[in-house]
Amino acid sequence: MTTDVTVRLFAAAAAAAGTTELVLPATSLLDLRGSLAPSVGAVLDRCSFLVDGLVAHGDVPLRAGATVDVLPPFAGG
Amino acid sequence: MTTDVTVRLFAAAAAAAGTTELVLPATSLLDLRGSLAPSVGAVLDRCSFLVDGLVAHGDVPLRAGATVDVLPPFAGG
Amino acid sequence: MVTSLVTSDVLDPAALESSCAAAGAVVTFVGRVRDHDGGRSVQSLEYSAHPSAPDVLQQIAAACAAEEEVLALAVAHRTGSLVVGDVALVAVVATAHRAAAFAHCARMVEQVKHELPMWKRQVFADGSDEWVGSC
Amino acid sequence: MVTSLVTSDVLDPAALESSCAAAGAVVTFVGRVRDHDGGRSVQSLEYSAHPSAPDVLQQIAAACAAEEEVLALAVAHRTGSLVVGDVALVAVVATAHRAAAFAHCARMVEQVKHELPMWKRQVFADGSDEWVGSC
(Lines give C-alpha, C1' and ligand atoms only; values in the text may rest on other atoms or scores of the structure.)
Protein backbone atom coordinates (compact mmCIF):
# COMPACT_ATOMS: atom_id res chain seq x y z
CA MET A 1 0.00 0.00 0.00
CA THR A 2 1.36 3.40 -1.03
CA THR A 3 2.00 6.14 1.50
CA ASP A 4 2.79 8.74 -1.14
CA VAL A 5 1.90 12.39 -0.56
CA THR A 6 2.06 15.30 -2.99
CA VAL A 7 4.39 18.08 -1.91
CA ARG A 8 3.96 21.55 -3.42
CA LEU A 9 6.94 23.83 -3.01
CA PHE A 10 6.79 27.62 -3.25
CA ALA A 11 9.17 30.53 -3.72
CA ALA A 12 12.54 29.98 -1.99
CA ALA A 13 11.65 26.34 -1.22
CA ALA A 14 10.93 25.64 -4.90
CA ALA A 15 14.06 27.51 -5.94
CA ALA A 16 16.20 25.45 -3.56
CA ALA A 17 14.69 22.11 -4.59
CA GLY A 18 14.67 23.02 -8.27
CA THR A 19 11.04 21.92 -8.61
CA THR A 20 7.55 23.02 -7.58
CA GLU A 21 6.13 19.59 -6.96
CA LEU A 22 7.32 16.26 -5.59
CA VAL A 23 5.65 12.97 -4.76
CA LEU A 24 7.21 11.33 -1.71
CA PRO A 25 6.30 8.55 0.69
CA ALA A 26 5.56 9.91 4.18
CA THR A 27 3.22 9.04 7.05
CA SER A 28 3.78 12.16 9.14
CA LEU A 29 4.85 15.74 8.60
CA LEU A 30 8.00 15.15 10.64
CA ASP A 31 8.79 12.16 8.44
CA LEU A 32 8.24 14.29 5.32
CA ARG A 33 10.41 17.12 6.60
CA GLY A 34 13.23 14.63 7.03
CA SER A 35 12.88 13.57 3.40
CA LEU A 36 12.77 17.18 2.17
CA ALA A 37 15.72 18.46 4.17
CA PRO A 38 18.49 17.42 1.75
CA SER A 39 16.91 19.10 -1.30
CA VAL A 40 15.17 22.13 0.29
CA GLY A 41 18.00 22.97 2.68
CA ALA A 42 18.12 25.72 5.32
CA VAL A 43 14.90 27.51 4.36
CA LEU A 44 12.90 24.41 5.40
CA ASP A 45 13.34 25.36 9.05
CA ARG A 46 11.66 28.71 8.35
CA CYS A 47 8.72 27.22 6.45
CA SER A 48 5.16 26.68 7.56
CA PHE A 49 3.05 23.83 6.18
CA LEU A 50 -0.45 23.31 4.89
CA VAL A 51 -1.86 19.79 4.89
CA ASP A 52 -4.78 19.56 2.49
CA GLY A 53 -5.09 23.35 2.72
CA LEU A 54 -5.10 23.62 6.51
CA VAL A 55 -2.25 25.00 8.60
CA ALA A 56 -0.41 22.18 10.37
CA HIS A 57 0.92 22.99 13.82
CA GLY A 58 3.85 20.79 14.81
CA ASP A 59 3.84 17.18 13.68
CA VAL A 60 0.67 15.66 12.20
CA PRO A 61 -0.03 12.29 10.59
CA LEU A 62 -0.38 12.33 6.80
CA ARG A 63 -2.93 10.27 4.92
CA ALA A 64 -1.87 8.64 1.66
CA GLY A 65 -2.70 11.03 -1.18
CA ALA A 66 -2.52 14.13 1.02
CA THR A 67 -1.23 17.40 -0.42
CA VAL A 68 1.38 19.22 1.65
CA ASP A 69 2.28 22.83 0.82
CA VAL A 70 5.69 24.09 1.92
CA LEU A 71 5.47 27.83 2.57
CA PRO A 72 8.56 29.97 3.11
CA PRO A 73 8.12 33.13 5.26
CA PHE A 74 5.58 35.47 3.67
CA ALA A 75 6.94 38.70 2.21
CA GLY A 76 4.03 40.57 0.71
CA GLY A 77 3.69 44.35 0.51
CA MET B 1 -4.03 112.16 19.60
CA THR B 2 -5.93 109.18 18.20
CA THR B 3 -5.67 105.73 19.78
CA ASP B 4 -7.64 104.05 17.01
CA VAL B 5 -6.83 100.47 16.01
CA THR B 6 -8.14 98.47 13.07
CA VAL B 7 -10.02 95.32 14.03
CA ARG B 8 -10.46 92.55 11.48
CA LEU B 9 -13.17 90.04 12.30
CA PHE B 10 -13.36 86.54 10.85
CA ALA B 11 -15.90 83.76 10.50
CA ALA B 12 -18.25 83.50 13.53
CA ALA B 13 -16.89 86.78 14.96
CA ALA B 14 -17.67 88.63 11.72
CA ALA B 15 -21.07 86.97 11.50
CA ALA B 16 -21.94 88.03 15.05
CA ALA B 17 -20.75 91.62 14.60
CA GLY B 18 -22.29 91.91 11.15
CA THR B 19 -19.03 93.30 9.73
CA THR B 20 -15.51 92.17 8.88
CA GLU B 21 -13.72 95.35 9.93
CA LEU B 22 -14.06 98.00 12.63
CA VAL B 23 -11.98 100.97 13.74
CA LEU B 24 -12.08 101.47 17.49
CA PRO B 25 -10.10 103.43 20.08
CA ALA B 26 -8.10 101.07 22.33
CA THR B 27 -4.73 101.18 24.12
CA SER B 28 -4.61 97.52 25.17
CA LEU B 29 -6.04 94.22 24.01
CA LEU B 30 -8.05 93.89 27.21
CA ASP B 31 -9.47 97.36 26.58
CA LEU B 32 -10.36 96.37 23.01
CA ARG B 33 -12.02 93.15 24.10
CA GLY B 34 -14.27 95.17 26.39
CA SER B 35 -15.33 97.32 23.45
CA LEU B 36 -15.96 94.33 21.20
CA ALA B 37 -17.93 92.27 23.72
CA PRO B 38 -21.36 93.79 23.07
CA SER B 39 -21.25 93.29 19.29
CA VAL B 40 -19.24 90.04 19.02
CA GLY B 41 -20.90 88.29 21.94
CA ALA B 42 -20.13 84.86 23.38
CA VAL B 43 -17.70 83.69 20.73
CA LEU B 44 -15.25 86.45 21.77
CA ASP B 45 -14.22 84.37 24.81
CA ARG B 46 -13.19 81.53 22.48
CA CYS B 47 -11.18 83.74 20.12
CA SER B 48 -7.44 84.17 19.81
CA PHE B 49 -5.90 87.44 18.66
CA LEU B 50 -3.19 88.58 16.30
CA VAL B 51 -1.68 92.02 16.84
CA ASP B 52 0.06 93.19 13.67
CA GLY B 53 0.22 89.57 12.54
CA LEU B 54 1.70 88.10 15.72
CA VAL B 55 -0.15 85.95 18.23
CA ALA B 56 -0.94 87.96 21.39
CA HIS B 57 -0.79 85.99 24.63
CA GLY B 58 -2.93 87.56 27.35
CA ASP B 59 -3.15 91.33 27.53
CA VAL B 60 -0.78 93.48 25.45
CA PRO B 61 -0.55 97.22 24.85
CA LEU B 62 -1.78 98.39 21.43
CA ARG B 63 -0.06 101.11 19.43
CA ALA B 64 -2.24 103.60 17.55
CA GLY B 65 -2.79 102.28 14.02
CA ALA B 66 -2.26 98.64 15.04
CA THR B 67 -4.22 95.89 13.28
CA VAL B 68 -5.89 93.35 15.53
CA ASP B 69 -7.29 90.14 14.04
CA VAL B 70 -10.03 88.35 15.96
CA LEU B 71 -9.81 84.62 15.27
CA PRO B 72 -12.55 82.21 16.31
CA PRO B 73 -11.48 78.61 16.99
CA PHE B 74 -9.96 77.04 13.87
CA ALA B 75 -11.99 74.36 12.17
CA GLY B 76 -10.07 73.24 9.12
CA GLY B 77 -10.09 69.76 7.62
CA MET C 1 9.05 67.39 -3.46
CA VAL C 2 7.09 69.47 -0.93
CA THR C 3 3.73 70.95 -1.89
CA SER C 4 1.40 73.08 0.22
CA LEU C 5 -1.71 74.63 -1.19
CA VAL C 6 -4.69 76.64 0.02
CA THR C 7 -7.06 76.95 -2.89
CA SER C 8 -10.67 77.39 -3.93
CA ASP C 9 -10.08 74.96 -6.82
CA VAL C 10 -11.22 71.34 -6.65
CA LEU C 11 -8.56 69.16 -4.99
CA ASP C 12 -7.15 66.19 -6.88
CA PRO C 13 -5.92 63.54 -4.41
CA ALA C 14 -4.46 61.37 -7.19
CA ALA C 15 -2.32 64.20 -8.55
CA LEU C 16 -1.06 65.08 -5.07
CA GLU C 17 -0.33 61.41 -4.37
CA SER C 18 1.56 61.15 -7.65
CA SER C 19 3.71 64.13 -6.71
CA CYS C 20 5.07 61.96 -3.86
CA ALA C 21 5.36 58.73 -5.83
CA ALA C 22 9.10 58.06 -5.88
CA ALA C 23 9.30 56.21 -2.59
CA GLY C 24 8.54 53.00 -0.76
CA ALA C 25 5.51 53.94 1.33
CA VAL C 26 3.00 56.66 0.60
CA VAL C 27 0.12 57.37 2.97
CA THR C 28 -2.64 59.68 1.79
CA PHE C 29 -5.37 61.21 3.89
CA VAL C 30 -8.45 62.54 2.10
CA GLY C 31 -11.05 64.43 4.11
CA ARG C 32 -14.42 64.78 2.43
CA VAL C 33 -17.46 66.76 3.47
CA ARG C 34 -19.66 64.49 5.56
CA ASP C 35 -23.43 64.40 5.20
CA HIS C 36 -23.94 64.66 8.92
CA ASP C 37 -22.40 66.27 11.98
CA GLY C 38 -23.46 65.70 15.55
CA GLY C 39 -26.58 63.91 14.36
CA ARG C 40 -27.69 66.77 12.06
CA SER C 41 -27.93 66.51 8.30
CA VAL C 42 -25.38 68.70 6.51
CA GLN C 43 -26.38 70.25 3.18
CA SER C 44 -23.29 72.27 2.29
CA LEU C 45 -20.43 74.11 3.89
CA GLU C 46 -18.09 76.95 3.42
CA TYR C 47 -14.43 77.16 4.38
CA SER C 48 -12.90 80.58 4.84
CA ALA C 49 -9.22 81.11 5.45
CA HIS C 50 -7.29 83.82 7.25
CA PRO C 51 -4.84 85.58 4.87
CA SER C 52 -1.96 83.86 6.70
CA ALA C 53 -3.31 80.36 5.96
CA PRO C 54 -1.00 79.66 2.98
CA ASP C 55 2.04 80.63 5.06
CA VAL C 56 0.93 78.56 8.03
CA LEU C 57 0.29 75.54 5.81
CA GLN C 58 3.70 75.97 4.22
CA GLN C 59 5.30 76.02 7.69
CA ILE C 60 3.43 72.86 8.68
CA ALA C 61 4.63 71.21 5.45
CA ALA C 62 8.21 72.38 5.95
CA ALA C 63 8.32 71.06 9.51
CA CYS C 64 7.09 67.66 8.36
CA ALA C 65 9.49 67.64 5.40
CA ALA C 66 12.36 68.30 7.80
CA GLU C 67 11.74 64.98 9.56
CA GLU C 68 14.50 62.52 8.76
CA GLU C 69 12.31 59.78 7.28
CA VAL C 70 10.17 62.03 5.08
CA LEU C 71 11.05 61.84 1.38
CA ALA C 72 8.19 63.85 -0.10
CA LEU C 73 4.89 65.32 0.99
CA ALA C 74 1.92 67.30 -0.21
CA VAL C 75 -0.81 69.01 1.77
CA ALA C 76 -3.73 70.96 0.35
CA HIS C 77 -6.83 72.58 1.86
CA ARG C 78 -9.83 73.73 -0.09
CA THR C 79 -11.64 76.99 0.60
CA GLY C 80 -15.01 78.35 -0.46
CA SER C 81 -18.32 76.54 -0.89
CA LEU C 82 -18.29 72.75 -0.80
CA VAL C 83 -21.04 70.19 -0.98
CA VAL C 84 -21.28 66.72 0.58
CA GLY C 85 -18.58 64.45 -0.84
CA ASP C 86 -16.24 67.25 -1.93
CA VAL C 87 -12.62 66.91 -0.89
CA ALA C 88 -11.70 69.47 1.79
CA LEU C 89 -8.23 68.30 2.81
CA VAL C 90 -5.55 66.11 1.29
CA ALA C 91 -2.32 65.16 3.05
CA VAL C 92 0.29 62.86 1.54
CA VAL C 93 3.55 61.68 3.12
CA ALA C 94 6.13 59.44 1.47
CA THR C 95 8.84 57.59 3.39
CA ALA C 96 10.98 54.53 2.76
CA HIS C 97 9.08 52.44 5.34
CA ARG C 98 5.41 52.31 6.16
CA ALA C 99 5.23 53.07 9.89
CA ALA C 100 6.81 56.50 9.44
CA ALA C 101 4.46 57.36 6.59
CA PHE C 102 1.37 56.60 8.70
CA ALA C 103 2.74 58.46 11.72
CA HIS C 104 3.83 61.60 9.90
CA CYS C 105 0.69 61.80 7.77
CA ALA C 106 -1.55 61.49 10.83
CA ARG C 107 0.51 64.10 12.69
CA MET C 108 0.38 66.54 9.79
CA VAL C 109 -3.40 66.20 9.57
CA GLU C 110 -3.67 66.92 13.32
CA GLN C 111 -1.49 70.00 12.88
CA VAL C 112 -3.65 71.25 10.03
CA LYS C 113 -6.76 70.77 12.16
CA HIS C 114 -5.29 72.65 15.13
CA GLU C 115 -3.00 75.26 13.60
CA LEU C 116 -4.34 76.24 10.20
CA PRO C 117 -6.36 79.47 10.50
CA MET C 118 -9.39 78.14 8.67
CA TRP C 119 -13.07 78.23 9.55
CA LYS C 120 -15.99 76.09 8.54
CA ARG C 121 -19.60 77.13 8.33
CA GLN C 122 -22.06 74.27 8.05
CA VAL C 123 -25.47 74.70 6.49
CA PHE C 124 -27.95 72.09 7.67
CA ALA C 125 -30.87 70.55 5.81
CA ASP C 126 -33.31 72.59 7.93
CA GLY C 127 -31.72 75.84 6.66
CA SER C 128 -29.92 76.71 9.89
CA ASP C 129 -26.15 77.15 9.92
CA GLU C 130 -23.28 77.28 12.38
CA TRP C 131 -19.60 78.13 12.44
CA VAL C 132 -18.04 74.88 13.64
CA GLY C 133 -16.40 75.06 17.05
CA SER C 134 -17.52 78.64 17.68
CA CYS C 135 -20.74 78.17 19.58
CA MET D 1 -18.08 48.77 -0.64
CA VAL D 2 -15.43 46.14 0.10
CA THR D 3 -12.85 45.24 -2.54
CA SER D 4 -10.02 42.73 -2.30
CA LEU D 5 -7.85 41.88 -5.25
CA VAL D 6 -4.77 39.79 -6.02
CA THR D 7 -3.80 40.57 -9.58
CA SER D 8 -0.95 40.68 -12.07
CA ASP D 9 -2.49 43.85 -13.56
CA VAL D 10 -1.13 47.31 -12.76
CA LEU D 11 -2.75 48.68 -9.60
CA ASP D 12 -4.59 52.00 -9.76
CA PRO D 13 -4.54 53.68 -6.31
CA ALA D 14 -6.85 56.49 -7.46
CA ALA D 15 -9.54 54.09 -8.64
CA LEU D 16 -9.35 52.09 -5.41
CA GLU D 17 -9.49 55.30 -3.38
CA SER D 18 -12.50 56.44 -5.38
CA SER D 19 -14.28 53.17 -4.62
CA CYS D 20 -14.23 54.27 -0.95
CA ALA D 21 -15.10 57.92 -1.54
CA ALA D 22 -18.47 58.31 0.11
CA ALA D 23 -17.23 59.06 3.61
CA GLY D 24 -15.58 61.61 5.86
CA ALA D 25 -12.04 60.29 6.16
CA VAL D 26 -10.22 58.09 3.69
CA VAL D 27 -6.68 56.87 4.37
CA THR D 28 -4.79 55.23 1.54
CA PHE D 29 -1.53 53.31 1.77
CA VAL D 30 0.45 52.80 -1.42
CA GLY D 31 3.52 50.57 -1.30
CA ARG D 32 5.89 50.95 -4.24
CA VAL D 33 8.95 48.94 -5.17
CA ARG D 34 11.96 50.61 -3.56
CA ASP D 35 15.25 51.05 -5.38
CA HIS D 36 17.20 49.68 -2.45
CA ASP D 37 16.91 47.10 0.31
CA GLY D 38 19.36 46.61 3.15
CA GLY D 39 21.85 48.86 1.41
CA ARG D 40 21.73 46.94 -1.88
CA SER D 41 20.48 48.36 -5.16
CA VAL D 42 17.26 46.68 -6.34
CA GLN D 43 16.71 46.29 -10.07
CA SER D 44 13.41 44.45 -10.22
CA LEU D 45 11.32 42.03 -8.26
CA GLU D 46 8.81 39.32 -8.60
CA TYR D 47 5.85 38.59 -6.36
CA SER D 48 4.39 35.12 -6.39
CA ALA D 49 1.24 34.17 -4.54
CA HIS D 50 0.00 30.95 -3.05
CA PRO D 51 -3.31 29.86 -4.65
CA SER D 52 -5.07 30.72 -1.38
CA ALA D 53 -3.90 34.36 -1.49
CA PRO D 54 -7.16 35.80 -2.91
CA ASP D 55 -9.17 34.03 -0.19
CA VAL D 56 -6.81 35.15 2.57
CA LEU D 57 -6.92 38.75 1.32
CA GLN D 58 -10.69 38.61 1.20
CA GLN D 59 -10.76 37.37 4.81
CA ILE D 60 -8.46 40.21 5.88
CA ALA D 61 -10.73 42.68 4.09
CA ALA D 62 -13.88 41.17 5.59
CA ALA D 63 -12.44 41.32 9.12
CA CYS D 64 -11.56 45.00 8.67
CA ALA D 65 -14.94 45.77 7.09
CA ALA D 66 -16.64 44.21 10.11
CA GLU D 67 -15.14 46.86 12.40
CA GLU D 68 -17.82 49.25 13.56
CA GLU D 69 -16.23 52.45 12.25
CA VAL D 70 -15.31 51.14 8.80
CA LEU D 71 -17.60 52.40 6.02
CA ALA D 72 -15.71 51.13 2.98
CA LEU D 73 -12.37 49.61 2.14
CA ALA D 74 -10.26 48.30 -0.69
CA VAL D 75 -7.08 46.25 -0.60
CA ALA D 76 -5.12 45.02 -3.61
CA HIS D 77 -1.80 43.22 -4.03
CA ARG D 78 0.07 42.93 -7.29
CA THR D 79 1.78 39.74 -8.43
CA GLY D 80 4.34 39.00 -11.13
CA SER D 81 7.30 41.06 -12.27
CA LEU D 82 7.58 44.62 -11.01
CA VAL D 83 10.19 47.29 -11.51
CA VAL D 84 11.27 50.10 -9.19
CA GLY D 85 8.40 52.54 -8.62
CA ASP D 86 5.63 50.07 -9.47
CA VAL D 87 2.76 49.83 -7.01
CA ALA D 88 2.82 46.53 -5.11
CA LEU D 89 0.15 47.09 -2.47
CA VAL D 90 -2.76 49.47 -2.04
CA ALA D 91 -4.94 49.61 1.07
CA VAL D 92 -7.78 52.09 1.52
CA VAL D 93 -10.02 52.52 4.56
CA ALA D 94 -12.90 54.98 4.85
CA THR D 95 -14.48 55.96 8.17
CA ALA D 96 -16.50 58.92 9.42
CA HIS D 97 -13.58 60.22 11.50
CA ARG D 98 -9.88 60.35 10.78
CA ALA D 99 -8.27 58.50 13.70
CA ALA D 100 -10.12 55.28 12.90
CA ALA D 101 -9.18 55.49 9.22
CA PHE D 102 -5.47 55.77 10.03
CA ALA D 103 -5.61 53.00 12.63
CA HIS D 104 -7.56 50.50 10.53
CA CYS D 105 -5.56 51.16 7.36
CA ALA D 106 -2.25 50.66 9.21
CA ARG D 107 -3.56 47.49 10.85
CA MET D 108 -4.80 46.06 7.55
CA VAL D 109 -1.41 46.69 5.93
CA GLU D 110 0.29 44.86 8.84
CA GLN D 111 -2.07 41.95 8.40
CA VAL D 112 -1.34 41.76 4.69
CA LYS D 113 2.39 41.75 5.42
CA HIS D 114 2.13 38.97 7.99
CA GLU D 115 -0.76 36.80 6.81
CA LEU D 116 -0.98 37.03 3.03
CA PRO D 117 0.77 34.00 1.47
CA MET D 118 2.88 36.03 -0.93
CA TRP D 119 6.59 35.88 -1.67
CA LYS D 120 8.99 38.43 -3.06
CA ARG D 121 12.16 37.72 -5.04
CA GLN D 122 14.47 40.69 -5.37
CA VAL D 123 16.93 40.99 -8.22
CA PHE D 124 19.85 43.25 -7.42
CA ALA D 125 21.88 45.48 -9.72
CA ASP D 126 24.81 43.02 -9.51
CA GLY D 127 22.62 40.24 -10.96
CA SER D 128 22.22 38.30 -7.72
CA ASP D 129 18.77 37.63 -6.31
CA GLU D 130 17.11 36.56 -3.08
CA TRP D 131 13.73 35.49 -1.79
CA VAL D 132 13.01 38.11 0.87
CA GLY D 133 12.89 36.75 4.40
CA SER D 134 13.88 33.24 3.38
CA CYS D 135 17.62 33.26 3.87
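Bear in mind the structure is a predicted one, so any value in this text is a computation, not a measurement. To find a chain, count down the sequence lines: A is the first, B the second, and so on, and within it residues start at 1.
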| Once you round to the nearest 0.5 Å, how far does CZ of D:Phe102 lie from CZ of C:Phe29? |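 If we round to the nearest 0.5 Å, D:Phe102:CZ and C:Phe29:CZ are 6.0 Å apart.
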| request: Begin with the C-alpha distance, continue with both residues' side-chain angles, and end with the deciding distance and a verdict on side-chain contact (heavy atoms from CB on, under 4.5 Å) for C:Val30 and D:Thr28. | output: CA-CA 8 Å; C:Val30 175; D:Thr28 301; 5.7 Å; no
| said: Check whether D:Arg32 reaches the backbone of C:Ala25 with its side chain - one donor and one acceptor, N or O, closer than 3.5 Å. | reply: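 Answer holds: no.
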| request: Keeping the roles fixed (side chain from C:Arg34, backbone from D:Ala96), state whether a donor-acceptor pair exists under 3.5 Å. | output: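 Between the backbone of D:Ala96 and the side chain of C:Arg34 there is a qualifying donor-acceptor contact (under 3.5 Å).
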| task | Return the option, out of D:Lys113, D:Glu17, D:Arg98, with the maximum number of heavy-atom pairs under 4.5 Å with chain C. | result |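 Max contact count across the listed options: D:Arg98.
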| task | Mark yes when over 12 heavy atoms from residues, nucleotides or ligands other than C:Gln58 sit less than 6.0 Å from its CD; otherwise mark no. | result |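 Counting other residues, nucleotides and ligands, CD of C:Gln58 stays at 12 neighbours or fewer.
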| task | Under 4.5 Å, heavy atom to heavy atom: which of residues 105-112 of chain D reach chain C? Give them by number, or say none. | result |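 The stretch touches chain C at D:Cys105, D:Ala106, D:Val109, D:Glu110.
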